[in-house]
Amino acid sequence: GIPIRTTLDNSTTVQYAGLLQQLTMKARSTVRDIDPQNDLTFLRIRSKKHEIMVAPDKEYLLIVIQNPCE
Amino acid sequence: MSENLVSGKTSLKGPKTSAKKQKGENKAKESSKGKRTQLGKKDKIDLSMASIGHPEIFPLVFTTKTQEIFNCRVDEDVTEENCFKLIKKEDIIQDLKTRATISDFHPIKKVVLEYPGEELLVVFDAKFQYGQNFYFVASEEAKENLLKPPETAEEKEEEKEEENREETLEVHPYKPPVHKPWVSLGSEKEVEEESVKDTITKIKYMISRVRRKFGAPITFTDKNASHVKDSYVECTSYQDKTYSIKMLEKNVGIQMVPKLREASTQTKWTYPKNAATQYFPRQLSSEEKEESLSSEKLKEFLTSVHLRMEIALQQNEIMNAFFDDWKALAEDESSSGGKPDVYLKAYQSFTDLRHLKDRTISWVCWHPTIYGIIAVSAGERLSYEEQVNLSDKSLLQQSVILFWSFFDPIHPQLMLECPEDIYCFQFSPSDPNIIAGGCINGQVILWDISQHEEKLQNAKTVADGIEITAVNMDNRMGATFENRAETCVQLVTCSPDGSVLFWDIPATKLPEQPSSEKVKEEETFYVPPDVPDTSKHPDVCWKPLIKINLRESDTNIEYGPIRISLKELHYHSKPSEKVQSLNALEVPAKESPYTEMSIPSSKNLKVLENISTDFFVGTEDGEIVYSDWEMEIHSDSAKPVSQKHAQKYIIHTETINTLQRSPFFKDIILSVGGRNFAIWREGVTNGPILQSSCSAGRYTAGQWSLTRPGVFFIGRDDGNIDIWDILKKTHEPSHLQNISKSTITFISPWTASPNQHFLAVSDDLGVLHVWEICQPLSHPSSNEDANVLDYFEREVKYLKYCEQEFQEYQELQAKTELKWSWRHRGRKQV
């Protein structure tokens with residue numbers, strides 16, 4: 001994916017955009033394989049350090065990276 | 001005779017013998033039988049040419065000897081043309097007698113003897129017509145024929161020739177075959193051989209039977225031959241053991257045929273191939289970005305998506321899903337394990353003979369950034385009364401602040417000279433090169449050690465450092481406390497003359513030459529005269545920003561604050577706003593006669609509201625005063641009322657030597673003084689949350705632990721340190737450790753690294769002990785924060801409860817007194 005607007009530095013943004021785009025496509029295809037009527041609405045990846053939330057759409061993708069420690 | 005003949009001299013049929021010269025001539029008849037020898041035939045052997053139809057001709061071999069005898073030498077007497085030779089019979093017989101068997105005529109001896117005539121014809125057979133070179137004619141007739149016919153034959157031949165010559169074209173006339181006499185050529189023998197003849201005469205039997213017996217009726221019956229014994233003779237086969245054929249060798253044919261098997265494989269040829277792609281990510285140009293940002297689709301997308309995102313974020317806020325309960329459980333287990341014996345391990349101790357002889361250390365401070373640097377301030381060991389009369393005492397030694405480094409326990413790294421004994425000092429939190437110190441005589445001194453910073457970092461021994469002093473106040477400084485304001489530029493001091501002063505540290509670096517100034521102040525109780533040293537320094541004015549006089553509202557008695565504790569204020573605003581002062585009061589404090597204000601350029605000031613302006617003050621008399629320093633204009637008198645709602649607590653009996661906020665909880669304060677210590681909570685006005693019982697010795701120093709929220713250290717006058725752990729025991733210290741022999745004057749904990757926690761303890765002898773805090777004492781358990789907080793809450797509740805109880809009790813008391821008085825009255829009346 002091509003980043004349009006970001007709050008991070010360029011290289012990180014590009015990396016996140018590319019990788020998460022692919023992952024979203026994969027996730028969406030998985031969901032649809034199981035049930036063709038279904039579609040992916042939200043993707044959350046929790047890791048040790050961050051939580052990445054992805055909201056997909058037909059053309060756009062919104063990615064939020066959050067630090068989960070409260 | 002047959003054997004002789006078998007010797008193969010003659011053979012009529014078949015191949016001729018290859019002997020060129022036929023030797024000898026035999027008189028004996030030679031029967032030319034060819035190859036076939038007679039088998040068992042004893043008959044006369046017919047040597048004649050009977051087999052070929054000339055029974056009177058006998059071929060003979062004449063040896064040379066015989067030829068000489070009879071003058072029929074070949075090519076001499078007898079030639080081809082003249083091939084006839086007549087030999088007398090008598091000669092032959094004589095020859096036969098003389099030479100017997102070796103005579104050539106021997107085979108035809110009989111024929112010769114039987115010859116009727118006198119002369120025998122021998123013909124030289126040059127062509128080997130009859131097999132031999134000579135032949136003997138046995139009969140007269142034949143002789144005659146031979147002699148003559150050749151003539152006739154010759155004649156005929158001549159005639160023929162003539163005729164032929166004459167009649168060349170004439171067809172040969174047909175001549176019917178002329179009967180010729182049978183000439184035996186020897187085939188009779190074979191015929192005889194082949195014929196079957198009886199060798200034995202046959203036996204003839206004649207059986208006769210009477211005629212009438214023929215044709216009689218006969219009945220036949222069947223009989224099994226096996227039933228009757230001996231009816232038949234059997235010749236059964238049996239294995240004859242004597243006879244066995246052993247197969248010694250067997251020829252066996254073997255053919256080797258390889259097994260045919262089809263197999264096939266299909267391999268995929270994978271070979272390593274270097275492939276590299278260099279790419280860079282696609283990026284939109286800024287116009288495209290603008291365009292897509294403003295597109296409708298994006299807006300729709302955002303509206304549709306943001307709800308989901310908000311839900312997710314909210315969930316994250318509500319609960320921390322990353323919390324590992326299992327791990328947390330484990331930590332609790334480990335902390336409640338066995339107790340180690342030693343909590344503090346001796347690390348190092350520093351003392352300097354030159355400067356610290358007979359001196360006591362009044363204050364210890366760690367360098368905030370450089371590892372292993374501690375600064376101690378040395379002071380005179382003076383008793384209370386002597387301190388009063390300080391003005392008369394001349395200083396024997398220069399007062400210094402010494403910098404120690406871990407790496408060099410003997411030589412101090414840096415020495416800061418000061419005009420007077422430093423009572424307390426602090427590093428500026430934002431700039432560790434600036435040190436503010438308060439002297440006994442009331443001066444506030446600023447040092448800038450930036451030029452020596454490198455030396456400090458390298459921890460080389462420095463002979464001594466020189467220092468710069470900036471002199472200002474005439475108070476005996478109690479405690480200096482640096483305030484944070486993003487960059488630390490403010491200093492708060494309090495002194496026993498009842499004033500709390502806010503100073504503004506110049507933001508710019510001090511020039512090489514210090515700036516100092518004398519400030520005129522009104523005389524207060526403890527003001528000693530200015531030390532003349534200050535006159536060295538140029539006159540630069542450094543005045544406090546705000547001065548607050550602590551007075552008891554009612555009695556107008558001044559407090560003598562010795563320790564001050566302010567709430568630490570953290571700002572999240574960016575330095576760009578350049579907040580230089582904590583707050584600028586709208587009320588110009590110039591009006592206050594007790595205040596000398598030099599308000600810095602107003603453009604930098606901003607009013608920051610919602611800041612806590614409360615502070616705790618510990619006084620010399622052992623009082624804890626809680627008030628705020630915000631000036632307010634009294635509505636009536638238009639005079640600023642310095643403080644309101646001051647609260648005073650008298651818990652301690654002697655001077656408070658420690659008033660410190662907990663590094664973990666901003667509203668928990670530890671106060672140590674006299675024989676007890678207390679923990680206070682800001683906002684809880686009833687009293688201290690925790691108050692220790694009076695101990696045997698005096699508590700001389702106290703500090704919170706930097707790493708564990710419920711632990712603090714109390715120093716005593718007998719050189720022991722009490723380590724208190726609120727979570728474990730609240731009635732007595734959890735651990736005691738002896739540090740030195742003399743009174744402990746100051747404790748300062750420090751966290752140098754996550755694994756190294758130090759405790760610097762100074763004592764009255766001028767020795768600085770650095771101890772390492774062991775892990776159980778330095779590492780908090782997982783929920784210690786929460787636990788300690790819980791504890792405080794409980795205590796607060798308990799206090800409230802107690803108060804309530806007390807109130808109720810009082811009410812009850814009042815009631816009962818009333819009742820009593822009533823009764824009394826009643827009695828009186830009655």
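In what follows, every chain begins at residue 1, and chains take the letters A, B, ... in the order their sequences are listed.
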Participant: Let me know if B/Ser285 has heavy atoms under 4.5 Å from chain A in its side chain, its backbone, both or neither.
Facilitator: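 For B/Ser285, no heavy atom lies under 4.5 Å from chain A.
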
Participant: Looking at chain A, which one of B/Glu288, B/Arg308, B/His306 has the largest number of heavy-atom pairs inside 4.5 Å, strictly under?
Facilitator: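 Option with the top pair count is B/Arg308.
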
Participant: Counting only N and O atoms by type, is there a donor-acceptor contact under 3.5 Å from the side chain of A/Thr13 to the main-chain atoms of A/Thr6?
Facilitator: no

Participant: Pick one of side chain, backbone, both or neither for A/Thr41, based on which atoms fall under 4.5 Å of a heavy atom in chain B.
Facilitator: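 Backbone plus side chain of A/Thr41, per the 4.5 Å heavy-atom cut-off to chain B.
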
Participant: Per the side chain to side chain contact (heavy atoms under 4.5 Å, CB included) rule, which among A/Leu43, A/Ile65, A/Val54 passes with A/Leu20?
Facilitator: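 It is A/Val54; the other options fail the test.
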
Participant: B/Phe758 pairs by ring-ring contact (aromatic ring centres under 6.0 Å, His included) with which of B/Trp750, B/Phe713, B/Trp366?
Facilitator: B/Trp366

Participant: Heavy-atom distance under 4.5 Å to chain B: side chain of A/Leu61, backbone, both or neither?
Facilitator: backbone

Participant: Rounded to the nearest 0.5 Å, what separates atom NZ in A/Lys58 from atom OG in B/Ser304?
Facilitator: 9.0 Å

